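One structure is given here, and the rest of the page talks about it.
It should be emphasised that the depicted structure is a prediction, and the values quoted were computed from it without experimental measurement. Residue numbers begin at 1 in each chain, while the letters A, B, ... track the order of the sequences.
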Protein chains: 2
Amino acid sequence: MKHKTLLDIARLAGVSPSTVSRALRNHPDINKNTIKKIKQIAARNNFSPNPIAQGLKTNTTSTIGVIVPEITHDFFATAISGIEEVIYKSGYTLLLCQSNESSERESLNIDLLLNHRVAGIIASISESTLNGTHFKKVLKRKTPLVFFDRVCTDIAADKVIIDDEKGAFDAVSFLLAKGYKRIAHLKGPDNLSNCSQRYKGYVKAIGKIGIKPEKSLIISGGMNEIDGYNSMAKILKMKKRPDAIFAVNDPVAIGAFQKIREEGLAIPRDIAIVGFSNNIITSLITPGITTIAQPSFEMGKTAASVLIERIRKGNKGENKIIVLDTQLIIRDSA
Amino acid sequence: MKHKTLLDIARLAGVSPSTVSRALRNHPDINKNTIKKIKQIAARNNFSPNPIAQGLKTNTTSTIGVIVPEITHDFFATAISGIEEVIYKSGYTLLLCQSNESSERESLNIDLLLNHRVAGIIASISESTLNGTHFKKVLKRKTPLVFFDRVCTDIAADKVIIDDEKGAFDAVSFLLAKGYKRIAHLKGPDNLSNCSQRYKGYVKAIGKIGIKPEKSLIISGGMNEIDGYNSMAKILKMKKRPDAIFAVNDPVAIGAFQKIREEGLAIPRDIAIVGFSNNIITSLITPGITTIAQPSFEMGKTAASVLIERIRKGNKGENKIIVLDTQLIIRDSA
DNA sequence: CACGTCTCCGCAAACGTTTGCAAAGATCTT
DNA sequence: AAGATCTTTGCAAACGTTTGCGGAGACGTG
């Protein structure tokens with residue numbers, strides 16, 4: 001069965017294609033009755049205009065491109081879910097790309113999306129993205145762009161983030177209040193803005209009580225479980241172990257958790273741990289991991305809303321930075 | 001900056017647009033040297049043909065539509081990741097839809113994808129999809145279609161599944177071998193083929209040692225944690241409790257797990273539990289949950305490969321049913 | 001030399017929309 | 001009654017490709 005075209009509807013209604021085109025979009029030039037008649041006929045034939053032809057004519061589509069490092073991360077999966085919800089309601093569709101934490105792949109994804117004439121792009125940058133040169137292409141094409149969570153600081157675009165520094169500060173302050181003295185930090189890559197912010201929060205919190213951060217207690221690594229596992233292994237080999245761990249995110253905390261358990265140590269008795277993100281899993285393991293709740297679904301939703309607003313306004317206006325709230329979730333790991 | 005067009009390249013090369021079009025696709029009618037020259041010029045101007053114009057002309061796109069019940073499910077997230085991997089490598093892009101377990105939404109998603117002239121569709125049906133009438137539209141449009149995991153039995157399409165009956169049989173047999181006598185089953189919706197298959201496997205396993213399944217030990221519910229939690233609550237109220245639980249999937253197992261823990265019971269001492277899918281989480285909680293490993297990433301990859309093969313062959317040929325292997329993963333919950 | 005056969009390329013139509021412009025008829029103004 | 005203005009519609013070009021067909025020139029053949 002073939003799709004009906006504007007011309008088919010025009011013939012059925014006894015008018016010209018241009019009238020149908022205008023009628024379906026409630027153009028004020030068209031008579032109210034004509035509009036009603038045409039809409040009826042269109043509905044009866046369940047016609048909807050070919051988005052490809054529309055795209056060709058208008059040089060834009062109703063598709064929104066999304067680039068995330070990895071779909072399988074709990075945080076990104078639920079953020080995408082939030083994005084999908086508002087995009088869907090607004091009549092857009094979602095073109096999904098995965099950078100696999102590779103900057104080159106990210107750049108190719110951008111080319112792909114621009115080539116597809118997406119109406120806008122929502123992105124969270126990869127671990128290996130050191131600067132935003134490839135995002136400049138997006139700006140050049142005047143394609144609306146919004147970052148969420150992992151943002152590019154050198155690119156002028158809307159940004160939806162959380163107060164990572166404050167979250168980290170809260171987490172570490174909590175540990176300090178509990179009486180822990182030597183707190184290690186499993187740090188993420190420096191080029192990721194949120195990681196360096198979390199690091200700042202860590203430094204600030206321990207600085208507040210007059211301690212200087214010990215170099216040896218700061219272990220840099222990636223954002224995955226395996227990274228937490230490896231960093232923890234290093235820590236456990238130290239002669240003077242820390243009594244608590246602040247992990248840059250939950251997967252890293254989980255990795256550390258596993259290593260600690262493997263060594264037969266008890267949490268929090270031998271070593272305490274707090275994470276960041278409030279992935280579901282932190283509530284299911286024993287002991288539950290104290291963490292910072294990050295509104296992932298909400299972040300996806302607002303990123304999408306902000307983007308759509310920008311699209312509707314013709315990509316005009318100041319760049320917004322929206323900061324969402326975090327919350328300390330206390331469980332038994334500290 | 002505007003996108004370059006075929007015409008721009010044609011002018012630069014001093015040939016007609018048709019020649020450029022053919023040259024870029026290595027049409028045999030075009031002289032080898034001309035091809036080389038045109039390709040050079042195209043590359044230098046980093047031109048790539050406008051997919052929208054191509055789509056209009058050829059009435060198909062290089063986009064593949066994916067419909068899943070929920071992106072946030074571990075299983076679907078990793079399956080999507082697998083899909084993305086092969087789609088990307090093959091030069092296609094991924095249009096993602098979420099049915100939110102709603103059959104109507106699923107139907108709308110199908111309309112959307114067909115309207116967008118996707119090259120093919122990969123789907124896993126929703127919990128509330130009782131029959132495949134809305135998938136008939138896909139067949140009518142002759143759009144290639146492949147189901148994975150949750151398939152529509154009444155629709156002629158390629159299918160990528162696992163042997164759910166065997167998986168369930170293995171899981172329950174394992175419990176029986178361990179000496180458990182009264183095994184309850186937290187069952188999924190009957191309309192989901194894989195759920196009814198798992199149920200069959202359960203019945204078969206306990207039938208094999210001469211026991212008849214007790215009606216009261218079979219609790220129907222959904223596929224989420226909350227369903228497992230609620231079903232478990234019912235079970236714990238029974239006067240004569242089962243000594244083991246076989247859950248239709250891991251989220252349900254986790255829900256049951258939480259309820260059991262809340263009641264202060266011990267796993268597996270008071271009650272044993274086995275799940276299905278091998279979500280990461282089952283390995284992280286204590287005790288680890290015995291489950292059936294389901295190759296989610298692999299399923300996504302093969303679904304995509306099968307679809308692309310079908311697209312390339314012009315949607316011809318027999319419908320394939322590909323059954324992937326499962327594996328019993330023994331942990332401490334039984 | 002006349003003809004057929006290849007090789008290579010361009011013309012122009014087509015895909016299904018959108019939109020500037022013109023124009024026909026209706027209504028108003030003086 | 002004759003313009004002027006407003007309302008409503010249609011014409012035709014355009015968006016950037018693809019593709020059937022035709023044709024110009026090169027080459028071979030008898």
Q) Charged N to carboxylate O below 4.0 Å: is that the case for B:Asp29 and B:Arg22? A) no
Q.
Please tell me if B:Thr19 has a side-chain N or O lying less than 4.0 Å from either OP1 or OP2 of C:dC9.
A. no
Q) Does A:Ser16 have a side-chain nitrogen or oxygen under 4.0 Å from the phosphate oxygens OP1 or OP2 of D:dT9? A) no
Q) Rounded to the nearest Å, what distance is computed from the CG atom of residue B:Leu7 to the P atom of nucleotide D:dC15? A) 9 Å
**Q.** Check ion pair B:Lys301-B:Glu84 (N to O, under 4.0 angstrom)
**A.** no
Q) Is the phosphate of D:dG16, meaning OP1 or OP2, less than 4.0 Å from a side-chain N or O of B:Gln54? A) no
Q.
Any side-chain to backbone donor/acceptor pair from A:Gln98 onto A:Val68? Under 3.5 Å, distance only.
A. no
Q) So what does B:Thr5 hit on the nucleic acid, given a heavy-atom distance under 4.0 Å: a base, only sugar-phosphate, or nothing? A) sugar-phosphate
Q) Side-chain donor-acceptor pair under 3.5 Å between B:Ser99 and B:Ser102, yes or no? A) no
Q | Residue whose nearest DNA chain D nucleotide is more 5′ - B:Asp29 or B:Lys57 | A | B:Lys57
Q: Looking at every strand, decide which applies to B:Asn59 at a 4.0 Å heavy-atom threshold: base, sugar-phosphate, or nothing.
A: nothing
**Q.** Interatomic distance, B:Arg117 CZ vs D:dT17 C1' [rounded to whole Å]
**A.** 16 Å
Q. Strictly by modelled atom types, are B:Glu101 and B:Ser128 linked by a side-chain donor-acceptor pair under 3.5 Å?
A. no
Q. If you check every side-chain atom of A:Ser18, which of D:dC11, D:dT18, D:dT17 has the closest atom?
A. D:dC11
Q. How do B:Ile30 and B:Leu56 order along DNA chain C: which one's closest nucleotide is nearer the 5' end?
A. B:Ile30
**Q.** A:Ile52 CD1 - C:dA14 C1' separation (whole Å)
**A.** 15 Å
Q. Roughly, in whole Å, what's the span from NE2 in B:His3 to C1' in D:dT17?
A. 15 Å
Q) Counting only side-chain N and O atoms of A:Arg25, is one of them less than 4.0 Å from OP1 or OP2 of C:dT17? A) no
Q) Could you give the NZ-to-P distance, from B:Lys32 to C:dC6, as a whole number of Å? A) 17 Å
Q) Between B:Ile35 (CD1) and C:dC9 (P), how many Å, whole number? A) 9 Å
Q: Please report, rounded to the nearest Å, how far the C1' atom of D:dA14 is from the NZ atom of B:Lys2.
A: 12 Å
(Q) I want to check one thing: is the phosphate of C:dT17, taken as OP1 and OP2, less than 4.0 Å away from some side-chain N or O of A:Asn50? (A) no
Q.
I need the CG-C1' distance between B:Asn33 and C:dC9, as an integer number of Å.
A. 14 Å
Q | Base C:dG10 paired with B:Arg22 side chain (donor-acceptor, <3.5 Å) | A | yes
Q | Selected nucleotide, minimal atom distance to A:Thr58 side chain, candidates D:dG16, C:dT18, D:dG10 | A | C:dT18
